[in-house]
Structures are given as structure tokens and as C-alpha cells.
Novice: 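Here you go, one structure.
The figures that follow rest on heavy atoms only: side chains count, while hydrogens, waters and symmetry mates do not.
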Amino acid sequence: MDSRPRETDAPGDPANGAAPPPAAAVAAAATGGVEITKPRNDKRGYRRVVLPNALECLLISDPDTDKAAASMSVSVGYFCDPDGLEGLAHFLEHMLFYASKKYPIEDSYSKYIAEHGGSTNAFTSTERTNFYFDVNSDSLHDALDRFAQFFIKPLMSPDAVHREIKAVDSENQKNLLSDPWRMSQLQNHLCDENHPYHKFGTGNWDTLEVKAKEKGLDTRLELIKFYDSHYSANLMKLVVYGKDSLDNLQNLVENKFCDIRDIGRKPFSFPGHPCSSEHLQILVKAVPIKQGHTLRILWPITPNVRCYKEGPCKYISHLIGHEGEGSLFYILKKLGWAISLEAGEGDWSYDFSFFSVVIRLTDEGQEHMEDAVGLLFRYITLLQTSGTPKWIFDELQTICETGFHYRDKGPPIHYVVNISSNMQIFPPEDWLIASSMPSKFSPDAIQNILNELTPGNVRIFWESKRFEGQTNLTEPWYGTSYSVEAVPPSIIQKWVAEAPEEDLHLPKPNIFIPRDLSLKNVEEKVSVPFMLRKTPLSRLWYKPDTMFFTPKAYIKMDFHCPLSQSSPESAVLTDVFTRLLMDYLNDYAYDAQVAGLYYAVKPNDTGFQVTMVGYNDKMRTLLETVIGKIAEFEVRVDRFSVIKEAMTKEYENFKFRQPYQQVLYYCSLMLDEQAWPWDEEFSALSHLEASDLGNFLPHLLAKTFIECYFAGNIEPNEAKSVIQHVEDVLFNAPISVCKPLSPSQHLARRIVKLEKGLRYYYPAMCLNHQDENSALLHYIQTHQDNVKQNVLLHLLALIGKQPAFHQLRSVEQLGYIALLRQRNDSGVRGLQFIIQSTVKDPANLDARVENFLKMFESTLYQMSDAEFKSNVRALIDMKLEKYKNIREESAFFWGEISEGTLKFDRKEAEVCCCTEGAQEGRVDRLLQ
């Protein structure tokens, strides 16, 4: 697939008779007359403001929002780390959360955000550091005041510095056995040592404490010096999103952020490419942690950002990453050599970039690596010599433009982070579009990039456990074993010549691009789903779009099959069936996903599930194809073998999950009556053959009931017609696949009840003996679904979340992961602590949780009624938060349908309960 980040939707193609996308709307900015292009249907207000201290801001006014958010992008990343202090920029990101001169109480910022329904985080990349938060909309003013202090007068006490170095080290420990981190650092390592791309950006105890002291450096003083010399208002971009008017937001920002220093710091630049000639024409064999074979082919190229209006990388990645008939992946899959393929621009800045093709190989593909690379270069040659058909660019442009104009509204916190990052790169008029919408067809720009994808310019990274014992080098930061050998162009040309002759060709026009983007005129103006149709074979729930007014729909179809979870073998065979179904559909339905119509077929607790979301225009066509494949399903031995091999590796890699992920799994295994242990499923898989699936499938579908949910831009008669078609194909055909389910065969998920007053322990060895982390999940089961009890539990979690994080992570430094969360298992509610640590074993972690609970109980007793009411009001604001798109709305309603609770007014009932609690103002309820 094309590995570029996609919009949640896409489609439309004039060349194929599609309706042309709407013209872009323009938001006139208040400062400098800058026009910011925005989606046509976007009703939000935008204003660009530059403060006297040179801080550039974008204000977004959304009167309908329940959440406010802000993001500050600082043009300082780990490329700026001083030599010998690896990770300093990342460490500074951590430290700015602690305290400030105006708010000296440690962690008061994060506490305020958490208590007002929000969340906060930050990340450090190569050239940027981004700080962001969201909060209930009425709390934006005070939240911004605390946030601004990060950049005005932060405090970095010696004690806090010492503790937070341990947190950075714990974060690094978490990543040491992660293949994505290891392979990324290996690529960094094999480049010019004088280029900052070579650096180790995370930092650890050794770089920030041990080696610093050996050099006579005081890390705290170096941190302050780095902050003072690098953090300047002119290098910052701020986005603030709120429900206030643009004028009020501007007054707020001018008041809160005017005191950030502007030292006139020249923007940092890192000219030159990380790779010199000695780092090209190489084949790197690396040993991963997990089972599997991965081939990464990379080329240094001219950054796409320099010609983002032309979008040459978007054009090329669309073709190389295509999965339809005649594509590179189609051929590799047909040969049984590849499981997946992704293509696109990888690591990049304005000064350098890499184009990458990543292929996950099968065992047989591992033996044909040279042929796979040969076919890749043969396809690139095809692109280089066949010209650049304009219809492909036009189709892409239409898809991207339609995706931009009909983009779903998402969480403000994600929106502000994306835009503040764009502000560092693009001119104001393109802050919302960025590089997502090519508008200028330039064959020369496309050809220039294609001309850089040559055998003389390539770096090949080949990862497999089969290379154990065959390597002679070790990457210093993560300990990855690897070897390097030269691969001159003559060798690759030999691979091209010897690769099998296959019919590689360009894709056909995309039939799934929507032509009809009109909105249906539905008479039912209901706010919750209602049952539209019921038969012994299926039940149809329907909810028209009364909120979002987009040409999109959402479909869920649960196939209830009692046999699916009756044994480990049945569970595995159901999984294999759904994977094969997706595999068979891919050649045809890949275009649907490109065009913004997404689908999935996956196993679940009661059988399997079909999901579709996106533009409604071609949705019925795709759904009927999926149902047809189910009815006509035949087991192909060659594809069964590939799927079995992929699943085998997934089971083998279970032991390499993070310890905190393993404890979550074990908790679910113990609580869920119908869950089978992974090792029993693995054992069952190892004995299965294609004939077993062929024998099993008629029995799986022999007793079936379909629970359906249709929502969005779809008329009720059409929904009923679709389900009638599904019944006709699956149940009413001359030789029907499915038979109706007896009433007593409907499955109910059962959760184990933990008796009050008893404690249960489940100790387990970490399955990966190389992992030095241990983990604890401390679970307290509280009650079964009850509105009042649900509210009290949510309130308890809201109040306790930040104190738990602060005490267990920041103060006691037990580990980077230290969380307090609610848990909901099919309506059975509870509270869980999750901690991963390299410094304490699980028994010690459990003791620290018990100690925290005693401290927290005391905190609750001391809480004033006023503070209690404030927390209740914050919870009410969170409950009243409106759905932002059809996915969010449907996820809630489908949850009620699939669990059988049907409490579509749950949020209103909980708000009513909260309101009564706020009026009573009683803390003691939480202590019962």
C-alpha cells in the first residue's frame, strides 16, 4: 500500500464521470490579509496572529466544540543536542511539565488538565518539539495560563532533574527490544557521523547522568543553558482551539503568551544529506527481535516538501504501493513471496529525504529476496520509461481534494498538533492543506524523483532471525546485530535480469471514486437508532445522519456463529477464514480504500464482523461483493499456507509483547469465560491444514444470526433492501450457506465475578527472558452496569488519574508506564493500575499501589465539597461532549447494540446522575 498518511476519507474523478470536488473555501486572516484555505464545509473561524515577540499563532474558533485544545511547536529537536549529551532536547521536553515560577507546585499543570476533563502530552522529533493538551472548553483560560509558563519561566529543581532522568531511562528501556526503534536507529547509525541524523535522540541514564559527570558537566545547568539559548518565541508556532470568538481568543493569547522571550534566534538548519557515497549501494543484514522477514529498500531523494504542490512522491508512492492487478505487490503475492508492501517518503526534512519501499516477506519470499528486489527495480523502470499519464494525477488530485473538503471533524487535540507542525513548514495559506492536495501536474518533477530511484543510489536493509550467527557488527544504542556488504549496480542489474517474467503494468481507473456526493433527504429525524427490520435471520438497526451532513455511511454486521469460539481450533479457524476473505478481496477492493471507502472482516467474541465506513455512493457495491465472497468461499491451499505462516509468526511473537501488554492479556483471559489461552490456539494452528478449514466452514455458517447497524447518508428503504439481499444470498439461495440460529443459541459473553473481600494473584514469568522489565496489573472489580455506580467509578478515576501518575511515576520513579484507568468488560466495571518497571518486581509494585490507595483515601476524606463539585462539573462536561463524526457516534451506539444493553440515552442518564451528585456535594459516596 501507499504508506503516506491518508485522510480519513478521499474520492471523486471528473475523468471518470465523477462530480468535481467543491472549490476550496478561504478564511481571511486578521493579520496581514493572509488567506487560509479551508474545507468548503468547515464552519470554524481561523485567524493568524503574530505577537510583538514574534510568536506566530493560529486561532480557531468553534462555537460547537466541547473540548478546547492548544499546541506549541518549537523548532528545536534532538538534532540540536550538544555532542556528548544525547537526549538533552527530549529530556527538556519532560522537564517543562514539572513546575514553573508562577505555578511552583510540582505537576500542578497536569493535575489541572486531568481534573478538567483533559489530557496532555509532548513529543520530540529530529527538528521539532511539540507540546499539547486538550481540556473542557470552559477551562481553556486557566489551562493556557499554566501552559504558557512552560515557555516563560519553568522551574527545574535538582531533585526533579535527577528523578526525571530515570523516567527518560525507563522510556528508553521500554524501547530497547522494539524492532521499529532498533531498525530506525540502525538506519541512523549507518550514515555520516557528522550529520545529526546519526544521533541517538531518546537519551538514557548513561548519556544524561553517567557520561555527563565523567565530563565534569552538571546536567541541570546544561539543561538550563540549552533552554535559554534555544527556546525563543520566534522559533515557536502556537495553535489555540476554543469556543470563544476570534477576538476573545486573540485577547487571551496576547495576554498569556506575550512574556515569552524572543532572543532573535536564527532558525536551526542542517544542510547536506546524511548519506555519503560510502553509505549507498549497501546491503545490511540485521537480526530483529521478532520472527519474520522484512525488506526495506531506501533511496535518498530530493525532499517532496520543496515541490509539494506538484506532489511527485504522492504520485510515485501511489503506483509503487498499489495492490491491484498488475501491481508489484499483486505479483509478489501471486508468487507467494510477500505478505504486505508499503511505499512512500520516509524520514525527511527540508534538506534531506528518503523514499522507502518496505516488503514483509514470507519464508519462500526470504529465499527469493534478489528476485523481489529485481521485480521492484523492473517496476521502477516501467514507471521511468512509460511516461507519466495525466489521468493518474487527475484521479489522485480528485481523491485528495474530495478527502480534504469532506474530511471528518476529529478531536481538537489532534487537529492543533497537526496544524502547529504544518506552520513550521508551509506558508499560512497552506497550513490546513499542507502537502495533502497536489494541484500542479509536473511530469518533470515526477521524473526527477524516479531518476533518483536507481541501483547506484540504494540502501537495502534485510531483517530476519535467520541471520543470527551470520553478522559481525553491533549497533551501539540498541545492540542490534548486523553486517554490511556492498551491492554495486551491476549486481542489482543481474537480479533484474534473472527475476521471473511477470505482467507488471499500471493500475486501471479507480471504479470506487464516488460520483454522487449528494445528501439523502431522510424523513426520520431521530437522535438514536431504532429497529428498522427483524426476521429470524437478522435484525437491522438504523440511524440516519442528523448531525454531520456528509455523504458518508457506517455499516456493522455481526455474524453470530456459536461454533466460532467453541474450542481453540474453532477460534483459530474462524480467524483464518476472515483473513483469507480479506486476502481474496484485496485485489478488487484495494481501490475502495484508496477512494475513501474502508472495510474490514475480523473475528470477534461471537463469530465474525463486517465493518464499512466512508463514502456511501459505492458502499452497496462493495458490501454485496463481500457477501458474495462469503457465499462462494473456497479454500485455496496456497493462500491458506501463507496465512497460516503469518499467523504462526504472530503467535511466536506473542512473547515479545511489552510486559504491560502481557498482563493486560492475562487479566482478560482470566475474566472472560470464553477466551482461549494463546498457547492452546498456537498448538491448534500448528496441526491445521487447508482441508480442516474446508470442513469447518459449512458448520460455522450452518447456524447464523446477523446483527446489523446502518447509519449515516443512507435511506431506510435502501438499508432494508441491502439486508434482504444479504438474506437472499446467504439463507434463501437454492443451496444456502447459512441456516437461522435457534433462540437458545444466541451467545452472551460471561465475565467471571470476583468475590468481595478476596484477593486473587496470577503470577507469570515474562515470556521474553531478554526483557528486563516487569509489570503489574492491579484490578479492582467494582460492579455490573449501573448508571449511578458507573458515574461514581468514572469520577473516582478522574480524580485519581493524575495523583496516581505523579506519585507512582514522577515521585517514586517506578517506571515510565504508570497508569490508573477504568476497565469495562461487557458491562462489568472496575479500576486498574498498570505499571511497567525495571527497578521493582511485581510484588513491590503491588505494595506501592496499596500504599497509594491508602494515601488517596486520605486525600478523598480531605476533599472539600467545593472541590468535589468542581470535579463533578468537569465530569458532566466530559459526558456532554458531542460526537465529532459518524465513526464516534456509531461506535457508541454499536457498543450498546452489541452488548445488548440498548441504553442509547446512557450519557443523558449519567449527566442527570452527575447533576444530582453535584447538588448534594458529597464526597463520602466515593468512599463507600
Novice: Taking E650 as the fixed residue, which of R657, R360, R579 is the one that meets the salt bridge (Lys or Arg N to Asp or Glu O under 4.0 Å) rule?
Specialist: R579

Novice: Tell me which one of N790, V787, L792 satisfies side-chain contact (heavy atoms from CB on, under 4.5 Å) with C913.
Specialist: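 The option that passes is V787.
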
Novice: Using every non-hydrogen atom in the two residues, find where E707 and W894 come nearest and quote the distance to one decimal.
Specialist: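 The answer is O-CH2, 3.6 Å.
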
Novice: For the residue pair K753 / Q781, report whether a side-chain donor-acceptor contact shorter than 3.5 Å exists.
Specialist: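 Absent: no donor and acceptor within the cut-off.
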
Novice: Could I get the full list of ring-ring contact (aromatic ring centres under 6.0 Å, His included) partners for Y584, not counting sequence neighbours?
Specialist: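 Once residues adjacent in sequence are excluded, the partners of Y584 under the ring-ring contact (aromatic ring centres under 6.0 Å, His included) criterion are F633.
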
Novice: Mind telling me whether F705 and H560 have parallel, tilted or perpendicular rings, with 30° and 60° as the class edges?
Specialist: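 H560 and F705: tilted rings.
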
Novice: For Y651, what residues pass the ring-ring contact (aromatic ring centres under 6.0 Å, His included) criterion, not counting sequence neighbours?
Specialist: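 Y651: ring-ring contact (aromatic ring centres under 6.0 Å, His included) contacts with F682.
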
Novice: Decide yes or no for Y590 and F512: does some side-chain heavy atom of the first lie under 4.5 Å from some side-chain heavy atom of the second?
Specialist: no

Novice: Looking at D363 and K649, does any basic side-chain N land under 4.0 Å from a carboxylate oxygen?
Specialist: yes

Novice: Are there more than 12 heavy atoms of other residues, nucleotides or ligands under 6.0 Å from atom NZ of K602?
Specialist: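 Open.
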
Novice: Listed by chain and number, what are the ring-ring contact (aromatic ring centres under 6.0 Å, His included) partners of F654, not counting sequence neighbours?
Specialist: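 With neighbours one apart ignored, the set is Y665, W678.
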
Novice: Can S668 and R823 be said to form a side-chain hydrogen bond (donor to acceptor under 3.5 Å, both in side chains), step by step?
Specialist: CA-CA 10 Å; S668 296; R823 184 181 179 105; 2.8 Å; yes

Novice: Minimum heavy-atom separation for L341 to G321, with atom names?
Specialist: CD2-CA, 3.9 Å

Novice: Give a yes or no on this: more than 12 heavy atoms of other residues, nucleotides or ligands lie within 6.0 Å of atom NZ of K525.
Specialist: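 Result for NZ/K525: enclosed.
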
Novice: Could you check whether any side-chain heavy atom of L730 comes within less than 4.5 Å of a side-chain heavy atom of F559, counting everything from C-beta outward?
Specialist: yes

Novice: Would you say L875 and E910 make side-chain contact, with heavy atoms under 4.5 Å?
Specialist: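 Sidechains of E910 and L875: no contact.
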
Novice: Using a strict 4.0 Å threshold on nitrogen-to-oxygen distance, state whether K465 and E652 make a salt bridge.
Specialist: no

Novice: Please assess F893 against V528 for the test side-chain contact (heavy atoms from CB on, under 4.5 Å), listing each intermediate value before the final yes or no.
Specialist: CA-CA 8 Å; F893 288 136; V528 299; 4.2 Å; yes

Novice: May I ask you to test the S570-Q565 pair for a side-chain heavy-atom distance under 4.5 Å?
Specialist: no

Novice: Could you give the distance from CE (M582) to OH (Y599), rounded to the nearest 0.5 Å?
Specialist: 4.5 Å

Novice: With side chains defined as the heavy atoms from C-beta onward, is the minimum distance between I359 and W337 less than 4.5 Å?
Specialist: no

Novice: Do L777 and Y762 pass the side-chain contact (heavy atoms from CB on, under 4.5 Å) test, and can you show the C-alpha distance, the side-chain angles, and the key distance before you say yes or no?
Specialist: CA-CA 10 Å; L777 187 145; Y762 186 85; over 6 Å; no

Novice: For K703, check salt bridge (charged side-chain N to carboxylate O under 4.0 Å, His left out) against everything at least two apart and list the hits.
Specialist: none

Novice: Before accepting this row, confirm whether a basic side-chain N of the pair R759/D846 lies closer than 4.0 Å to the acidic partner's carboxylate O.
Specialist: yes

Novice: Heavy-atom count check: over 12 atoms from other residues, nucleotides or ligands less than 6.0 Å from K655 NZ?
Specialist: no

Novice: Looking only at heavy atoms, what is the nearest atom pair of G830 and Y779, with distance?
Specialist: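 That closest heavy-atom pairing would be CA-CE1, 3.9 Å.
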
Novice: Using the salt bridge (Lys or Arg N to Asp or Glu O under 4.0 Å) rule, take D179 and K290 through it: C-alpha gap first, then chi angles, then the decisive distance, then the call.
Specialist: CA-CA 7 Å; D179 282 328; K290 292 185 175 183; over 6 Å; no

Novice: Measure the shortest side-chain to side-chain distance between M619 and L622 over non-hydrogen atoms and say whether it is less than 4.5 angstrom.
Specialist: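 A side-chain contact is absent here, since even the closest heavy-atom pair is not under 4.5 Å.
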
Novice: Any carboxylate oxygen within less than 4.0 angstrom of a Lys/Arg side-chain nitrogen, looking at K884 and D408?
Specialist: no

Novice: Of all residues at least two apart in sequence or in a different chain, which pass the side chain to side chain donor-acceptor pair (under 3.5 Å) check with Q662?
Specialist: none

Novice: Does K409 have more than 12 heavy atoms from other residues, nucleotides or ligands lying within 6.0 Å of its NZ?
Specialist: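 Yes - once you tally the heavy atoms of other residues, nucleotides and ligands closer than 6.0 Å, there are more than 12.
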
Novice: Distance check, rounded to the nearest 0.5 Å: S641 atom OG versus E689 atom CD?
Specialist: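 Separation between the atoms: 7.5 Å.
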
Novice: Would D591 and K618 count as a salt bridge (Lys or Arg N to Asp or Glu O under 4.0 Å) if you check the C-alpha gap in whole Å, the side-chain angles of each, and the deciding distance to 0.1 Å?
Specialist: CA-CA 11 Å; D591 273 343; K618 303 294 195 304; over 6 Å; no

Novice: Run the numbers on D583 and K333 for salt bridge (Lys or Arg N to Asp or Glu O under 4.0 Å), then give the verdict.
Specialist: CA-CA 10 Å; D583 185 77; K333 176 183 164 185; 3.5 Å; yes

Novice: Only counting residues at least two apart or in another chain, list the ones meeting side chain to side chain donor-acceptor pair (under 3.5 Å) with R620.
Specialist: E624, S721

Novice: Give the minimum heavy-atom separation between K903 and F892, together with the two atoms involved.
Specialist: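 Scanning both residues completely, I find the closest heavy atoms to be O-CZ, 3.9 Å.
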
Novice: How far apart are the closest heavy atoms of D771 and P659, and which atoms are they?
Specialist: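 That closest heavy-atom pairing would be OD2-CD, 3.3 Å.
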
Novice: Does a side-chain heavy-atom distance below 4.5 Å link V526 with P544?
Specialist: yes

Novice: Quick one about S538 and E727 (side-chain donor to acceptor, distance below 3.5 Å, no hydrogens or angles considered), yes or no?
Specialist: yes

Novice: Just checking L758: does its CG atom have more than 12 heavy atoms from other residues, nucleotides or ligands closer to it than 6.0 angstrom?
Specialist: yes

Novice: Using every non-hydrogen atom in the two residues, find where F731 and P740 come nearest and quote the distance to one decimal.
Specialist: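 Heavy atoms only, the tightest pair is CE2-N, 4.0 Å.
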
Novice: What do the steps show when you test L820 against H778 for side-chain contact (heavy atoms from CB on, under 4.5 Å), and what is the final call?
Specialist: CA-CA 9 Å; L820 168 61; H778 183 111; over 6 Å; no

